[in-house]
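All remarks here apply to the structure that follows.
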Protein chains: 2
Amino acid sequence: MRDRQDKPGVAARRPLLELVLPVLRDAIINRTLPPGERLSESDICARLGISRTPLREALRILETEGLVTMAAGVGAVVTPISPPDLHDRFDLLAGLEAIAAARVAGRRDPETIRRILAIQREMESASRQGSREEYYKANDRFHQTIVEAAGNEAVLNAHRTTMWHVYRIRHATNTANPLGPEAARHHEAIIAAVIAGDVDGAFVSMRRHLEDVSDLVLGRPVAGWFGATDHDAPGAG
Amino acid sequence: MRDRQDKPGVAARRPLLELVLPVLRDAIINRTLPPGERLSESDICARLGISRTPLREALRILETEGLVTMAAGVGAVVTPISPPDLHDRFDLLAGLEAIAAARVAGRRDPETIRRILAIQREMESASRQGSREEYYKANDRFHQTIVEAAGNEAVLNAHRTTMWHVYRIRHATNTANPLGPEAARHHEAIIAAVIAGDVDGAFVSMRRHLEDVSDLVLGRPVAGWFGATDHDAPGAG
DNA sequence: TCCTATAATATCGTATACGAAATAGGGGAC
DNA sequence: GTCCCCTATTTCGTATACGATATTATAGGA
């Protein structure tokens, strides 16, 4: 624990919170800490080699982000996954990306458009080659690029937080849902609106696209969604 | 400090955090703690009669909400007000309420429509009587009702957090900007779309309305906006 | 007079300690 | 055999303590 930089020269003064928070967050997102898992403070402290003070600050932040649920006197739990909650978050995502798309359309920044078109070509290429992995990565970049290009910190933050919740169910949906050609057509509509500077068009087409994705993803529940309960353990039934 | 409920009967077990967080948040929103104010932990602890442990948890939450800015080793500061940041947040607000309006339009719940129309009449009445106070209150209810009626927890949360930032500049804008007749016309368009079940129409008209409000509010900076700095003290210049 | 370096002070980050509530386990009554 | 109650242990909420860093004040020199 005492192995922080002894030289306070360049990059010293890193609160343990900043070390611990991403670790916990990543563990929750990638299901190392599965939904419903009880988070014993002493256990985590021992595992991470820190005291409870910075850990509790991290838990409070995760609670604010919705990744952890805390009950007074009882403790912290990795927020269980609930389809209604996810539906709400996808809706929120639609609003966030719609605003971003509208802004990008309003700007018509050539560099941004160039980048989006390049990603579009990557998606087409991946689609032709049947490379699902590449396709999904490019798809992520497509959305991420638009949100970043909007240049709105508040939207970007809300988007990031929302995506953490989406990522948490990715492992179950990525392979399950072949959201290929429809998505490509939607993307074309969005891109066309952006290039044309059609603000309302970009706004509406992005919302519609994400609502379709939401229906596609949430309309097909996958085993394991409800988190670690005893009666749907892997291999059971 | 030892005056918590001795009877653990009904509503015991209230962490100090839950007591302190709203107090600090309200103080920031209503400018009892003005933008830029340094938040000395020991001072606040003494004033509130608590120890630093729950206070720091509250500060971390406020930091996540964007109301407080913390620098490692330096401490907490009430986040200064910045027009670009506010612009971003108004944009976010537009996306959130647009999604809410779209959902409300999709539902066409009679009770919700009835309520919205009632608020609309209140606004007209207040407008005729020139009662600015009543008008603004009804206006708040109009937006709040739509967001709540959407029934989306994620959107509601994001909206609440965003509104805290908006409230913080209310005192400066409420009296300064006569957003009367234009807003009324916008509201009519939104209501019409909701009643007609026109999802896209509600989505777009709500966004447009809030962008106009944003331009109106942020296009006219008011003294005091940049918070407590020495060189723009009241009466100066 | 202004700048710099050094020392004193205040404040932060983290660890630990303590009281209280919740949970778990065992024994007894029905 | 089942249910309930009581006790023991764990875990949480909060306070306090300590080392380290940032800030401020002070004194010296240019």
Side-chain angles (χ1 to χ4, degrees), chain A residues 1-24 33 36-64 67-79 228-230, chain B residues 1-24 33 36-64 67-79 228-230:
Chain A
M1 248 110 329
R2 192 87 308 118
D3 53 2
R4 227 180 315 160
Q5 269 90 335
D6 291 341
K7 320 266 184 180
V10 192
R13 202 82 261 232
R14 302 273 310 195
L16 289 183
L17 169 67
E18 293 179 18
L19 271 292
V20 167
L21 182 58
V23 170
L24 286 175
L33 294 173
E37 177 99 338
R38 274 202 81 236
L39 298 175
S40 159
E41 294 178 8
S42 20
D43 279 10
I44 298 177
C45 287
R47 200 185 320 274
L48 297 179
I50 62 171
S51 81
R52 287 174 57 212
T53 311
L55 173 65
R56 282 182 62 87
E57 292 182 13
L59 289 177
R60 288 300 183 189
I61 292 173
L62 291 169
E63 183 189 23
T64 305
L67 293 171
V68 155
T69 305
M70 299 185 79
V74 177
V77 167
V78 177
T79 305
T229 56
D230 288 326
Chain B
M1 245 109 328
R2 191 87 312 117
D3 53 4
R4 225 181 316 161
Q5 268 89 336
D6 291 343
K7 320 267 184 180
V10 192
R13 203 82 259 234
R14 302 273 310 189
L16 289 184
L17 169 68
E18 293 179 17
L19 269 292
V20 166
L21 182 57
V23 169
L24 286 175
L33 294 173
E37 177 99 339
R38 274 203 82 238
L39 298 174
S40 159
E41 293 179 8
S42 20
D43 279 10
I44 298 177
C45 286
R47 201 186 320 274
L48 297 179
I50 62 171
S51 81
R52 287 174 56 212
T53 311
L55 174 65
R56 282 182 62 87
E57 292 181 14
L59 289 177
R60 287 301 183 189
I61 292 173
L62 291 170
E63 182 189 23
T64 306
L67 293 171
V68 156
T69 306
M70 299 185 79
V74 177
V77 168
V78 177
T79 305
T229 57
D230 288 327

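Every chain is numbered from 1, with letters handed out A, B, ... down the list of sequences. FYI, side chains are in, hydrogens and waters are out, and symmetry mates aren't considered; it's all heavy atoms of this structure.
Here the C1' atom of nucleotide dC12(C) and the CG atom of D43(B) are 13 Å apart, to the nearest Å. Taking atom CZ on R52(B) and atom P on dG13(C), their separation rounds to 8 Å, with Å as the unit. Computed from coordinates, the L39(B) CG to dA10(C) C1' distance equals 16 Å when rounded to whole Å. If you measure from atom CD of E63(B) to atom P of dC12(C), you get 14 Å, rounded to the nearest angstrom. I44(A) places its CD1 atom 13 Å from the C1' atom of dC12(D), with the value rounded to the nearest Å. When the P atom of dA22(D) is taken as reference, atom CE of M70(B) falls 15 Å away, rounded to whole Å. For the pair E41(B) CD and dT11(C) C1', the interatomic distance rounds to 8 Å; values are reported in whole Å. If you take CG of L17(B) and C1' of dA15(D), they are 15 Å apart, rounded to a whole angstrom.
When the nucleotides dA15(D), dG13(C), dT11(D) are ranked by their closest atom to the side chain of I50(B), dA15(D) comes out on top. The side chain of V74(B) sits closest to dA22(D) out of dA22(D), dG13(C), dT14(D). Checking dA15(D), dA15(C), dA17(D) against the side-chain heavy atoms of S51(B) singles out dA15(D) as nearest. Distance from the side chain of S42(B) is smallest for dC12(C) among the nucleotides dT16(D), dC12(D), dC12(C). Side chain of P54(B), nearest nucleotide from dA15(D), dT11(C), dG13(C): dA15(D).
Partner L33(B) forms a side chain to side chain contact (heavy atoms under 4.5 Å, CB included) with one of L39(B), I44(B), V68(B) and no other, that one being L39(B).
Closest approach of P15(B) and A72(A) over heavy atoms only: CG-CB, 3.6 Å. Across every non-hydrogen atom of V20(B) and A58(B), the tightest pair is CG1-CB, 4.2 Å.
Evaluation of the side chain to side chain donor-acceptor pair (under 3.5 Å) rule for E57(B) yields R56(A), R60(A) as partners, not counting sequence neighbours.
At the heavy-atom level, L59(A) lies nowhere under 4.0 Å from the strands shown. Within the 4.0 angstrom heavy-atom criterion, no nucleotide atom of any strand lies near L55(A).
Rounded to the nearest 0.5 angstrom, L55(A) CG and R47(A) CZ are separated by 11.0 Å. Taken from CG in L24(B) to CG in L19(B), the straight-line distance is 11.0 Å, to the nearest 0.5 Å. In this structure, CG in L21(B) is found 12.0 Å from CG in L16(B), a value given to the nearest 0.5 Å. The CG atom of L59(B) lies 10.5 Å from the OG1 atom of T64(B); values are rounded to the nearest 0.5 Å.
Each end of the helix from dT1(C)-dA30(D) to dC30(C)-dG1(D) gets its own rotation axis from five pairs of C1' atoms, and the angle between them is 10° to the nearest 10 degrees.
Remark: R56(B) is in phosphate contact with dG13(C), judged by side-chain N or O atoms under 4.0 Å from OP1 or OP2.
Residue R14(B) places no side-chain atom within donor-acceptor reach of the base of dG13(D), judged by atom type and a 3.5 Å distance cut-off alone.
Residue G75(A) is the one, among G75(A) and T53(A), whose nearest nucleotide of DNA chain D lies closer to the 5' end (criterion: closest heavy atom).
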